[in-house]
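Here the structure is laid out as structure tokens; the discussion comes afterwards.
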Amino acid sequence: MSALEAIKYSRGKLEVLDQLRLPHEHHYDEVSTSEEAFDCIKAMRVRGAPAIAIVAALAASVELHNGSCTATGTEDVIKYIDSRLDYLYESRPTAVDLGNAVRLLKKTVRGVKTEGLTDAEAKEAIIKAFIEASEEILAKDLKTNKSIGAFGAKWLQEQYKITDDSKITVMTHCNTGSLATSGHGTALGIIRTLRDEGLLRHAYCTETRPYNQGSRLTAFELVHEGIPATLVTDSMAAALFRLRKAEENIAAVIVGADRVVRNGDTANKIGTYQLAVLAKHHGIKFMVAAPTTSIDVDTETGDDIEIEQRKREELTQISGAVVNADGSIDTSKSVRVAIADQRIGVWNPGFDVTPHEYIDAIVTEKGTVVKGEDGKFHFEDLMPERFQ
Ligand SMILES: CSC[C@H]1O[C@H](OP(=O)(O)O)[C@H](O)[C@@H]1O
């Protein structure tokens with residue numbers, strides 16, 4: 001049974017699942033312009049580093065396909081495309097996949113051969129190249145995630161020599177599954193592969209306050225696919241490790257990434273760093289699962305990563321569906337309630353940075369990277385083209 005599709009696309013038409021309504025309601029918004037995509041990403045109706053990049057690229061592609069560009073002449077057409085991509089880039093700052101997609105698409109349109117073509121022919125060739133490149137970003141993502149799953153499961157098998165009698169339990173944070181990508185997922189993709197290969201005993205997912213990607217999205221994906229799983233609050237991780245690590249063979253915490261920088265420091269959903277500290281304290285492996293599009297070798301350390309600050313209402317208010325007296329969920333009535341004094345000060349960073357010292361492995365579609373004798377991660381062998 002396949003998991004939920006965050007993104008539905010055919011040339012000229014993009015639909016995005018409104019993740020703010022999950023898990024109670026499945027509603028797709030049609031996204032046909034960069035403005036609609038920007039709002040969808042900013043409001044986190046779609047979220048997850050790869051999904052953000054895919055939606056931005058495809059929305060720009062759909063509007064171009066539908067004739068939004070009135071410019072003529074190669075220079076003005078490229079200038080228009082740049083302006084749409086630069087606008088989309090501003091929607092959320094921390095995840096690097098969006099920036100990488102923008103750079104790829106800008107490079108693509110500049111590589112189109114237009115010598116000897118009329119202005120109309122050149123414009124058509126540029127738009128065609130853009131659309132094909134944006135569709136390739138979507139197509140490549142699922143293959144990437146399956147590869148991350150395979151490399152991650154292989155690394156864990158090497159670490160623990162897993163047998164039927166020693167299947168492992170893992171924890172994951174936030175949502176890194178089909179709702180954060182085009183399918184299968186990154187960290188949750190490794191969990192899916194562990195389950196497929198008969199290596200998984202159990203999965204724990206954290207609630208992931210304040211947006212609740214874990215309780216609303218990951219729990220839904222795990223239940224949807226029948227993966228044995230338990231939900232805990234973010235604050236329960238320490239007690240879980242201390243009381244149940246041995247009994248449940250808790251072997252690893254597996255998280256996604258919004259940005260991995262040159263030394264391996266990793267920005268991910270807020271609450272990731274504390275899990276890394278706990279994992280180290282309890283002798284549990286800490287793994288980052290991320291496509292190479294999430295690796296930013298131009299940034300030296302995690303101190304240089306811009307951390308998105310989000311609105312106060314995400315902490316002081318929550319929304320959800322009504323639970324009827326008989327326990328059924330009434331999806332026709334969504335309520336929003338205040339859960340704090342609305343005058344209280346709020347600090348709401350969307351992400352934190354886990355120093356590379358706390359990370360045991362970074363799993364990508366090109367292989368798993370571990371620290372060298374210098375105690376640092378090195379990506380030169382993984383992505384030589386990025387170091388030229
Ligand atoms: C494969 S998704 C990567 C990353 O994105 C999530 O953040 P958000 O839900 O705010 O977009 C989370 O940090 C995931 O680990």
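Below, all heavy atoms of this structure are taken into account, side chains as well, without hydrogens, waters or symmetry copies. Fair warning: this is a prediction, and the values are worked out from it, not measured in the lab. One-based numbering, in listed order, for ligands and for the atoms of each.
Relative to the ring axis of Phe379, Arg262 does not place its NZ or CZ within 45° and under 6.0 Å from the centre.
Shown in contact with Arg92 at under 4.0 Å from a heavy atom are these atoms of ligand 1, numbered in order with element: 8 (P), 10 (O), 11 (O). Atom numbering of ligand 1 starts at 1 in the shown order; those under 4.0 Å from a heavy atom of Gln213 are 8 (P), 9 (O), 10 (O). Applying the 4.0 Å criterion to heavy atoms of Thr186 picks out, from ligand 1, the atoms 1 (C).
For Glu247, the side chain to side chain contact (heavy atoms under 4.5 Å, CB included) partners at least two apart in sequence or on another chain are Arg244. In this structure Asp18 satisfies the salt bridge (Lys or Arg N to Asp or Glu O under 4.0 Å) test together with Arg21, sequence neighbours excluded.
The protein atom (non-hydrogen) at minimum distance from atom 13 (O) of ligand 1 is Asp258 OD1, 2.6 Å. Among all protein heavy atoms, the one lying closest to atom 12 (C) of ligand 1 is Cys174 SG, 3.3 Å. In terms of protein heavy-atom proximity, atom 14 (C) of ligand 1 is closest to Asn268 OD1, 3.5 Å.
For the pair His65 (side chain) and Ile127 (backbone), a donor-acceptor distance under 3.5 Å is absent. In terms of modelled atom types and a separation under 3.5 Å, the side chain of Ser61 and the main chain of Ala57 share no donor-acceptor contact.
Note: an N/O pair closer than 3.5 Å links Gly48 and ligand 1 by distance alone. In terms of polar-atom proximity, defined here as any N/O pair under 3.5 Å, Thr176 makes no such contact with ligand 1.
By the criterion of a heavy-atom distance under 4.0 Å, neither the backbone nor the side chain of Tyr211 is placed next to ligand 1. With a heavy-atom cut-off of 4.0 Å, Met44 touches ligand 1 through its side chain alone. Only the backbone of Ala257 comes within contact range of ligand 1, with a heavy atom under 4.0 Å; no side-chain atom does.
For Gly350, the closest heavy-atom approach to ligand 1 does not fall below 4.0 Å.
Between Phe220 and Asn175 there is no side-chain heavy-atom pair separated by less than 4.5 Å.
The heavy-atom pair separating Ser91 from Ile41 by the smallest distance is OG-CG2, 3.5 Å.
Using cut-offs of 30° and 60° for the angle between ring planes, the Phe38 and Tyr87 rings count as parallel.
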